[in-house]
Enquirer: 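Below is a structure I'd like to ask you about.
A quick note: this is a predicted structure, and the numbers were derived from the prediction, not measured. Note that ligands are numbered from 1 as they come in the structure, with each ligand's atoms numbered from 1 the same way.
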Amino acid sequence: MTDTNTNHLSWDEWDELHNPPPAVTDFDRVVERAISRRGFLGVLAMGSAAVAMGSVGNLMSSTSAQAQEAASRFAFKPIDIATDNTIHVPEGYNWKPLARWGEALFSSSSDIDPMKGVSLENSDKVFGENTDGMELFVIGGAQVIAVNHEYVNNEINLPHAPEGMPQSLDDVKILQNMQGVTVMEVAEGENGWAIVVDSKFNRRIHHNTPMKLSGPAAGSELVKTAADPGGVDCLGTFNNCGAGKTPWGTYLTCEENFNGYFGSTNAEFEMPADYKRYGIVAETRYAYEKFDERFDVSKNPNEPRRAGYVVEIDPSDASSTPIKRTALGRIKHENAAVVVARDGRVVVYMGDDERGEFLYKFVSNGIYVPGGDTSKLLDEGMLYVAKFSDEGTGEWLALTEETTGMKADEIAVFTRQAASKVGATTMDRPEWVAVNPVAVEAYCCLTNNSRRGEVKDGKLRTNAGGDEMAVNAANPREKNEYGQIVRWYPANDDHTDSAFSWDLFAMAGNPAVHKDGAYAGSSNINEGNMFNSPDGMMFDSTGLVWIQTDGEDSNEGEFAGQGNNQMLAGDPVTGRIERFMTGPKGSEVTGLTWSADKRTMFAGIQHPDAPFPDGEGKLPRSTIVAIKRDDNALVG
Ligand code: FEO
Ligand code: CA
Ligand code: CA
């Protein structure tokens, strides 16, 4: 039991509280980096916006002048910020809830009582909490959405429990069931979109669903447990954040802050050394370990090494077994952006969302052939990590036995440590990656990093592996509270190429508070479109990039004028960015997909503070909403 209630904290805040990054100890390296840091900031500190931007200026993309001149590709009138408890969309658009926390997927389950929470009996048969990444699949004539439930708010799921802390195994099971993934058929009727109750596709995947490990870690000593001596049969998927979709019609769900589910009941237990890099600590916010021995690392030290993967799910078969694809590495996975390269090999881009962690790319050995065998494409291939140079070029560094001195199973399980060995670039929390469907380029939201460039007790801050977080061109601001979007262009227009060039598509900022300098943001940020902490990101089929935020919504101080979290659209060609939607107070806008006919856009609202969407007196419910044009024209 925690002595202070931390259930209200976001995952990032909780992680920061429990896993403060260590300071570095090598004094000489610190001095060397500090000097280069001053040199870089010296340019930024010269004052004028032109100079400030000029230091990264050749890396910045299109200008606002070009943007103004370009014919608008935006089919909406941009909206103002909001600070209230509901959603706003542009004139001529409307929104309605599609699926709320606790809605029944089967007629045998009843909807949640929004004031009492959910019963254990219903908890694995209803729409889970805190919706996140999602994808829509057309299967036969059906439209099927697979969607993540990243985490739960203990208090609203366990209203009887003091501060929401589980009091029994039954309480733990409720929390376990309300997370994971929902697969559900959806259909549009006279009253809008709704879940097709009892569809054969409907399914809940949660913290106890049987799944398989495949790839280099499968069968390794590192992942064997007493319950699974073969090291291939695992249970559950955890902290499912962003998502991805393969060309062969499967869903990729990404395990992010998996560390928070594994704790120790034994104060004497010495935590294995590899835990530190992933932030696995004795005390958790869910207390699973107190009632469910599988989550007690003092009894099952390998169990947390079976989480932190990309998991492949076949949405067309509710009885299929999800597969953890360990070749894609074990990190705090944000999403998995899949693209088929020119030669048919499958490329998956992935961010590791923690301060100072890295950006990854997987390239399959085999090629994708429509209708062919795809079972090994995500098992056999090469994992790379990104190194960004200050000159606007970069390199994907292969993680091999030769480059890391680690065996293949060790690289798959201790991926962060492997990436540190090859000298990857520490990033400002890589969130979603999105690949442009109409140009050979990819984007990653670097949401923020309050410790970038920070010196504490004379030492430069590092990630949990000791890699220093000095400012660099791709992560150019100290104490970066606004975030940026980096974009790269694979050499030879080939996503498998190990070389790339890059620029910053946008550097978020606040031009109302900072009249010039780097914190005002890049030239495509203005007082009418400003935001902070870009996180979710998806391209639509026309090549517009949609940006969702998960940031500071106080609308005060450094964030004055930025309002609630929001969704914006960006034009990759002109750099222009416009605000399309604002979420309810306290919420994050995350997850985006489209109906088969592209006349509906589905967006997720996670962790609203206010009684959204049911109104006053009701509990806040994480919800997927359907957004349409009043004239039913295309929206993506
Ligand atoms: Fe689950 Fe990094 O957001
Ligand atoms: Ca996210
Ligand atoms: Ca986030």
Enquirer: Using the ring centroid of each side chain, check whether Y261 and Y286 are separated by less than 6.0 Å.
Expert: yes
Enquirer: Could you verify whether a donor N or O on one side chain and an acceptor N or O on the other, from T582 and N564, lie under 3.5 Å apart?
Expert: no
Enquirer: Using the test salt bridge (Lys or Arg N to Asp or Glu O under 4.0 Å), find all partners of E552 that sit at least two apart in sequence or belong to another chain.
Expert: none
Enquirer: Run N448 and R429 through side-chain hydrogen bond (donor to acceptor under 3.5 Å, both in side chains) and show every step you take.
Expert: CA-CA 6 Å; N448 57 56; R429 297 188 48 206; 3.2 Å; yes
Enquirer: In E256, which N, O or S atom comes closest to atom 1 (Fe) of ligand 1?
Expert: OE1
Enquirer: Go around the Ca ion (ligand 2) and count every protein N, O or S atom nearer than 3.0 Å.
Expert: 3
Enquirer: Name whichever N, O or S atom of E150 ends up nearest to atom 1 (Fe) of ligand 1.
Expert: OE2
Enquirer: My understanding is that only residues two or more places apart in sequence, or in another chain, count here; which of them pass salt bridge (Lys or Arg N to Asp or Glu O under 4.0 Å) with D124?
Expert: none
Enquirer: Under 2.8 Å from atom 2 (Fe) of ligand 1, is there any N, O or S atom belonging to E431?
Expert: yes
Enquirer: Would you call the rings of F295 and Y288 parallel, tilted or perpendicular, where under 30° means parallel and over 60° means perpendicular?
Expert: perpendicular
Enquirer: Of all residues at least two apart in sequence or in a different chain, which pass the side-chain hydrogen bond (donor to acceptor under 3.5 Å, both in side chains) check with T542?
Expert: D540
Enquirer: Consider only side-chain N and O atoms of Y251 and N148, and report whether a donor and an acceptor are under 3.5 Å apart.
Expert: yes
Enquirer: Working to 10°, measure the angle at atom 2 (Fe) of ligand 1 formed by atom OE1 of E334 and atom OD2 of D353.
Expert: 110°
